[in-house]
Structures are given as C-alpha cells and as structure tokens.
Amino acid sequence: MAAYHIKKGFNIPLEGEAPKAVQDLPASPVAAFYPDEFPFTKWQLLVAEGERVQVGTPIAASKEDPQTLFCSSVSGSVQKIIRGERRKLLSVVMQNDGAGEAVDFGAWDSKKLKAAEPAKIVAQLKSGGMWPLIKQRPFGKIAVSTQSPKALFINAMETAPLAADQEFLLRGRDKEFALGLLAMRRIVEKEVHLCMHEECKSEMLTKAEGVEKQTFSGPHPAGLSGTHIGLISPINKGETVWTITAYQLSLIGEFLMSGKHPDKQLVAVVGPKAARRGYFRVVRGAQISNVLAGQSLSGCRAISGNALYGDAKSAEECMNWRETTVTVLEEDIRQFYLLSDKHWAGAGFKAFSSWPLFASALNKSPKRRALGTSLHGSHRAIIQQDLYERYSPLDIPITALVKSIPSENIDRLEQLGILELEPEDVALCTFVCPSKVDVAGEIAKALALVEKEG
Amino acid sequence: MSVMKKFIDTTIDAFDTFIRTPKTTTSGKVHLRDALDSKRMMSTVAVALTPLIIFSIWNTGYQKLSALQAVPRALLSSHPLLGTTPTILNSFLHGLWQFLPILAVTYAVGLGIEFVFAALRGHEVNEGFLISGLLIPLTLPPDIPLWMVALGTAFGVIFGKEVFGGTGMNFLNPALTARAFIFFSYPGAISGDTVWTAVDGAKDKLVDGFSGATPLALLATAEGSDPVAMLESAGFSFKTLFLGVMPGSMGETSVLLCLVGALILVTTRVASARVMLSMVAGGLAMGILLNLLATPDSPAYWHLPAHWHLVLGGFAFGAVFMATDPVTGAATPVGQVIYGFLIGFFAVIIRVLNPAFPEGVMLAILFMNVFAPLIDHFVVEANVRRRLRRVR
C-alpha cells in the first residue's frame, strides 16, 4: 500500500452536487448503443430494425474479436439504426417494452470462479456483454483479452467536478464487488491496483483482498486512472494496462451472480442547471429526458459524463453505456461589454478562474459556482508554453507533445508519451488554457493517428 | 477584393471582441473553460508596465527640464523652456510630449501590420502587439526620430514575428528585434552620450555644458580600479540607479518600478519568477567571476561589484519584461533556469568585455531566444530518455 499526494491539479468548484439518496425512476422508453463510446473498435451489427431483443441479446460484435459483444440492456425491439456519412454506424436505438425478459447466461459463484480457467471466465464476460467495461491503455480501447496486461487498475475514486461518488455507488454492493474483483484477479493474474481516496471509508475497498491498495489525495486529476497508472506503473512501449471503475467491477459481479446482463444502474444527476439532482436507479443507457425526469433543456447542455469530460447529448439521445454521471450546464452565450465586471478588462469579482488574475481570487474560500459553457475568449496559438505541465502530475512534456502533433511524426509522439495518455487525462489543461486550445481534443486526434499508423 | 473583405471582417471582429466578449461556447468533450483569455493575460502585462510607463513619462520630461536648467545661460539664450523649474506636472506633460508620438507611431505601424497579416491568414487579430507596442517605446531614447521608430517596429513585427506565423510561433522577442534593428541600423540615434535626454534642437549647444552620458557609457571608457567612486562622482549612486531618476532609454531606468512590475507578473503567474531569478543569478555570477579575474591593470568595469550590474542599463527591465516572454523564452522548468542564467551571464559578458555594445542585455536576450528551443529540446530529450530507461 502506498499513499500518493497530488499537488499539480485543480478542483473546479462546480455548483449542483447530487444529494446522497437513491430514488427509482420510471423505466426509460428506449436505450441506445453508441459505437463512438468505444474508440478504435469497429462493430459488426448483429440485429436489424424491428428485431426482438431481450436483456442480454447481442446488438453488435467487435470486428477484431467477434466474441466481444455489446448487449442490449432492455427487452423490446430494435427501433432505429442510425447511420451517418458513408453509412458509418452512429447509433442503435432499442425500444423498451418493460417486460424485462432476459437471456440467462448461467450464474457463477466464487467457487466456480476459483476453479475455472481464466479463458472460461473471459468467455463468460464476453458472451454476457460485460467485456466492453474493461478499458485498455494505450489508446483507451476495449481490453484485448489475448494481450496479457502488466496490471489492472481499479478506480474507486472520482475527483472530476461533481462526478458520481464511487463509494456511494458501491453502497450495499459488497458481494457483487467482491465477486467481480475475484473474476478480474483470476483473469489478470498480475498486479491488481485498487486506487481509492485517502479518506476512503468503505470497508469493501479498504479491506479488499488480493489487491495492492493505493491511496490518492489532492486536487483533480488525482482521481483519474491515468494519474494512478502514471504514478504507480507508467506504461512503456509494448506494455498494456487495463482499467475499470470499482462500480463497473460490481456490475461484472452482479452479472456473474445473477447470470443476467445487468439492466439497471445508478446515475448521479448533477450540475447547476439540473432541475432534480440526486442518485437515480435507471435502465443502463437510459434516455437523457428519462434521467432528467423530462426537464426542458432549452438554454442548457446535458452531458453524459462530467463537466470536464463527457459527451453533449440532446434530450432524445441516451446516456453512454459506461457512464454514471449526467451533468446539466447552462449554455452560456451571454456577452459582456467593456466596463462590465465579467468583460475581459473588468475587475472580475464574479469571474471564475484558476488564475489569480481576477478580483475573485481575493476570496480565499470561494463558494461553489454555477459555471456555464462559455468559451470565455477566442482561440489563439499557444502562448503560455509552460502551463499544461503545471496542471498534470504525469511526467509527460504535454506542451511539447501537443506542439508536435501537426508533424504527424508517430515515433516522436510515442517518445513524448502519447501512449500513456487518454484525452481525459489532460482535460484540465483544456480548461486552464488561456489560448483556448482543446488539449484533450488534440490528444484524441494524436491517439487516432498513432492507432491508425502504428 | 476578397483580401479587402477579409481585412474588413478581421478588423470588425477585432474591435467587436475588444468591446464585448464573444458568445462562443465550448465544443468537444471538455465543457468548461477558465475565465482567463489571452486578452486578459496580455492586459495584465500592460498593468504591470503601467507604473513604469507613468514614471518614465515623468522622468523623460524631468530630465529634459533639468538638462535645460543646468545649461549656462551664455550658451543657450533663446530656448523657450530655459529656466523652467521642473515640477511633477510640467515634467509629466513634457514627457508625454516626447512619449506619446513614439507610442502612437509604434501602435499605428505595428497594429496596421498585425491587421493586414490577420486578414491575409484568415486569423483573428492577436493581442501580442498590445504588449510589444508598449515595450518598444520604453526601450528607446526619448529623442529617437519617429521614422526610425516606424521602421524598427515594422522590422520587429514582420521579421521578429509574422514571418514565423504570428504571436505564439515566433522565436525572437519582437520588441527587442525592433530595438536591435534600430541599434544596428542607426547607432547614432540610440547610442553615445547625447541621445538620452530630449532637448529638442538645442543639443549641439548643450554638449559643452551638459554631459548626458549614461553610466554604461561611463563605465565602458572608465579607467582605474574604483568604478563605484567614478560612478558616484558622476552622480550615479546605487540609489540613483535603483530609483532611476536619470537619463536613459525611456522605460529602463527605474529598477524599483521594474520590481513592482515583477511582483504583479509573478503573483498573477503570468511570467515565470524562475527566469527572472536565474537571470539575476547569472548576472551576479558573471559579475563576481570578473571581480575575481580582475587584476589592477584590468579596465575599471571588471572591478564593478556584481550587484551593480543588476541596476545598470536595461538589466532589470529585460529580466522582468523581456526575458520572461513565454513564447520566445524556454518553456520547460529546467530550461527556464538555464535560459535565464545564461541571459544574465551573457549580458554582463557583452557589457563588460565588448565596450562597443554598452547594452548587453538586449543582445543577450535575443541570443538566448535563439537558443531557447535548443535548451528545451535537451530537457525534453532527457524526459524521453527517462521514459525509455523505465523499460528494462
């Protein structure tokens, strides 16, 4: 067990925390599959419009590994298959009839897990559509079961603004967590790091067995798997590591225990513009309007994920399948005129910034703030060239990396550490950049380039 | 025609975003942004420069009026300002009379070029020149002909910045490039003894009665082994040099107000204290080294106590406002230390060992601007090697 204290980072005090109480919501009328949620995986569609599906019916299979399946989390029928340019699959929408008919994959207990060969466990998780929960670095794609990772990083903490609290999500799921953990320990057979907050109270985490317990404290990105990997066991060329959140691990446990693809999950609805905040039990991949209880989104932006990293969604669209947070922010298009406080030349008593350049910095104990989506400026070339590294605990020359992306020199990008990163690791750099460079977006571009050419 | 249309568009956009913040929202996966933009950041540098600018305007006027006062009447009978006692107000107004035309020419030429390049490239107009445009007049003597200011500014902006792609892509500090251009093209207008005080047409008549030599020029020609006594007898005590009530380039004389600017830049984290401190360390190191190497036969400059170098010439101004330019300086933390140290080191070498260039700071910074990418390269390579070494 080791304790890590992060200094380079920043917490954004976003208003709109979810009260810690779980409520049930009426079942979502639809659920969806978004291939874009799984970067670098090409999918083969296995269903047609109108086809009947049950909870656990495979919807699509990975073209690289046809055993890796995405399964429906509702019973009903395939309502719509939406394609974009060049027939690129954009989404598959499944209508929910509420009957809850489910495919039975057979229940496993810990005895069976201990006795089974790892390959059998992998096959079971894949057939039940649980495998896409496990991510692999480099690239942040779905884990490739044939590549043995050097370590598994279980993330049991969150530091992103208002992101669902892992400890709360896990409450009462001790058995599921333990079973999921056992399964992954059997599969990985290498180092398994359980990364939790320094002040973690949950005994299922602090007393978990067969894992290296690591504690982290400090500002965001202390809670990102990228930070954990970078500080504990950074990825070298040729190596892979797997990551999963503790809550996702408990879903795997739930699947093994019941033999059924989990059709429900918890989601935290947060953000300054969320009309009804809280933790809700919803259908996995539920429609945004269902999760938000029909709240009007005019002038707002709903995000599947947290404010610092997630996908903007319309009310009709659905949550991403791996997500546990929905954030609602104000679509902030207000313009401020010269001499007003929030104009760039104003005093800035109400401006929110991580930089001590505004009068608001004089307030040493700032309250939570109702921040919106304004860009607060316009795009420029990078001017502050030593900035990004101040907001990342990783030993990666991020500015040099970002500046070398246009050269498309794959070797150079790899030398500078692109393979250690996922875009979310540098989302905070995007936030602080006064030149409004989307560092996370640049890293995503670079990863796509390296994945394609490398 | 389309270039004209683009020019009008970018110009309107530049004024629009100046007067009101744009209503652009975030796209991509990161939905929040800091309130800080490049306009605010640049204007913070302007705020840090403000005390110095106000002082230098006053000082320019004050030097002019005092110089005219010091002239024996017999030499100069007809000058309209003769016998005017300098007060705070009239000093400031006379200073403004010298400073404003230079500032106006700098901005007109520099911003004009920026707007044209923005239109040609289809970019938005960058804020970088707002700072360069303040820095350029501060590095110039008050009596500089305006056409030289225009030429120097044009050279600095075009060849120091725009040909490389504009603010953020340049590797030379545009303000210093402008000054260097004027320095090498028109040395008579920016070096020597007579240019540092603005006295209109009366200069020839002043020479006999009034020495305008700056301490740097005095030191370059001084003999003996007690330069401090020499400077003090010429009226340049350490305190005078620190406060800056003396002739010189308009904005470079007051170390005190450079320190005020440094305080603003460092507390707001806009400029790197690492560069400033290591430059001071470099200057002190070279100064001490020269003291140690000095023999009784060495020029007086070698004997100058090291800390005097910090208050002479543009050292403080360069350390606070020029070396810290985030675009042209080193970017990596270790690189910044090396970069700053070598600027200080070379500034003193050039100043002391090459009397043809009394102002070593400008050349040292430009020189290290050229090497900053190389320094960063080595620091980044060290990081790459560290990453490779992990594989065993």
Side-chain angles (χ1 to χ4, degrees), chain A residues 12 14 161 234 236-237 301 303 307-312 329 331-338 342-345 348 351-358 371 373-386 389 395 397 399-400 415-417 423 427 430-432 434-436 438 440-441, chain B residues 13 16-44 123-124 126-128 165-169 267-270 272 274 325-327 329-333 335-336 376-377 379-381 383-388 390-392:
Chain A
I12 301 170
L14 184 62
N236 302 307
K237 194 169 167 69
R301 180 185 297 185
I303 299 155
L308 216 41
Y309 199 75
D311 285 324
L329 300 177
E331 215 41 283
D332 186 359
I333 53 166
R334 286 175 299 166
Q335 294 188 282
F336 295 95
Y337 285 77
L338 203 62
K342 284 177 95 175
H343 182 268
W344 59 267
F352 178 75
S353 174
S354 62
W355 294 71
L357 273 174
F358 296 87
L371 305 175
T373 60
S374 173
L375 192 61
H376 295 295
S378 6
H379 293 283
R380 293 287 182 267
I382 300 175
I383 291 169
Q384 286 283 352
Q385 317 231 12
D386 59 350
E389 291 78 7
D395 184 25
T399 312
Q415 283 172 359
L416 294 175
T430 303
F431 172 79
V432 296
S435 295
K436 311 297 172 190
D438 184 2
Chain B
D13 179 76
D16 184 45
T17 56
F18 190 89
I19 292 163
R20 54 179 189 176
T21 57
K23 55 181 175 185
T24 331
T25 55
T26 54
S27 55
K29 293 192 173 214
V30 184
H31 302 273
L32 295 177
R33 289 294 190 283
D34 200 289
L36 181 69
D37 67 348
S38 61
K39 284 190 174 62
R40 176 94 184 176
M41 205 170 68
M42 297 289 183
S43 42
T44 306
H123 283 178
E124 288 182 42
N126 214 301
E127 293 77 17
T167 306
M169 308 293 177
T267 49
T268 53
R269 285 193 260 135
V270 167
S272 154
R274 231 179 265 122
D325 174 0
V327 176
T332 52
Q336 286 172 341
D376 280 339
H377 174 77
V379 177
V380 170
E381 282 312 303
N383 177 293
V384 169
R385 274 199 301 280
R386 195 155 64 234
R387 187 170 295 104
L388 286 175
R390 291 197 312 236
V391 194
R392 267 177 224 119

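Each chain gets a letter, A, B and so on, in the order the sequences are listed, and its residues count up from 1. Values below: all heavy atoms of this structure, side chains included; hydrogens, waters and symmetry mates excluded.
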When the 4.5 angstrom heavy-atom criterion is applied to B:R386 and chain A, the contacting part is side chain

- Query: Do the non-hydrogen side-chain atoms of A:L308 and B:H31 ever get within less than 4.5 Å of each other?
  - Reply: no

If one checks every heavy atom of A:D332 against chain B at 4.5 Å, the contacting part turns out to be backbone

Between A:P397 and B:R387, the two heavy atoms sitting closest are CD-NH2, 3.7 Å

Applying a strict 4.5 Å limit to non-hydrogen atoms, the region of A:A427 in contact with chain B is both

In terms of heavy-atom contacts, A:L357 and B:R40 come closest through O-NH2, 2.7 Å

Nearest heavy-atom contact between A:F352 and A:L371 is CB-CD2, 3.5 Å

Given B:K23, B:E381, B:R20, the one with more heavy-atom pairs under 4.5 angstrom with chain A than any other is B:R20

Whatever's closer than 4.5 Å to a heavy atom in chain A on B:N126 counts as both

Separation between CZ (A:F358) and OG1 (B:T44), nearest 0.5 Å, reads 7.5 Å

Note: vs chain B, highest number of non-hydrogen pairs under 4.5 angstrom among A:L329, A:V432, A:I303 is A:I303

Most contact-rich option vs chain B, by heavy-atom pairs under 4.5 angstrom, among A:P161, A:P423, A:G348, A:S354, is A:S354

Turns out that what part of B:V379 lies under 4.5 Å from chain A's heavy atoms comes down to neither

Okay, A:S374 and chain B: the region with an atom under 4.5 Å from a heavy atom over there is both

Comparing B:D34, B:L32, B:D37, B:T25 against chain A, the one with the most heavy-atom pairs below 4.5 Å turns out to be B:D34

Counting heavy-atom pairs under 4.5 Å with chain A, the top scorer among B:G166, B:S43, B:A331, B:S272 is B:A331

Okay, B:T24 and chain A: the region with an atom under 4.5 Å from a heavy atom over there is both

message = So does B:V270 get a backbone contact from the side chain of A:Q384, meaning a donor-acceptor N/O pair under 3.5 Å?
response = yes

Closest heavy-atom pair, A:A381 versus B:G168, reported as atoms and distance to 0.1 Å, is CB-CA, 4.2 Å

Any side-chain to backbone donor/acceptor pair from A:K436 onto A:H376? Under 3.5 Å, distance only. yes

Of all heavy-atom pairs linking A:P434 and B:M41, the shortest is CG-SD, 3.7 Å

Greatest number of non-hydrogen atom pairs under 4.5 angstrom with chain B, of A:I12, A:I382, A:L416, falls to A:L416

Looking only at A:D438, A:T399, A:L14, A:D395, the option with the highest number of non-hydrogen pairs under 4.5 Å against chain B is A:D395

Counting heavy-atom pairs under 4.5 angstrom with chain B, the leader among A:D386, A:T373, A:L338, A:I333 is A:T373

*Just by distance, do the side chain of A:H343 and the backbone of A:Y337 share a donor-acceptor pair under 3.5 Å?*
no

CH2 of A:W344 to NZ of B:K39, rounded to nearest 0.5 Å, is 7.0 Å

Pair count under 4.5 Å, heavy atoms only, with chain A: among B:M169, B:R269, B:M42, highest is B:R269

Whatever's closer than 4.5 Å to a heavy atom in chain A on B:V380 counts as side chain

Scored by heavy-atom pairs under 4.5 Å with chain B, the best of A:Q335, A:K237, A:R334 is A:Q335

Nearest heavy-atom approach of B:S38 to B:E127 is OG-OE1, 2.8 Å

So, the part of A:A312 with a heavy atom under 4.5 Å from chain B: the answer is both

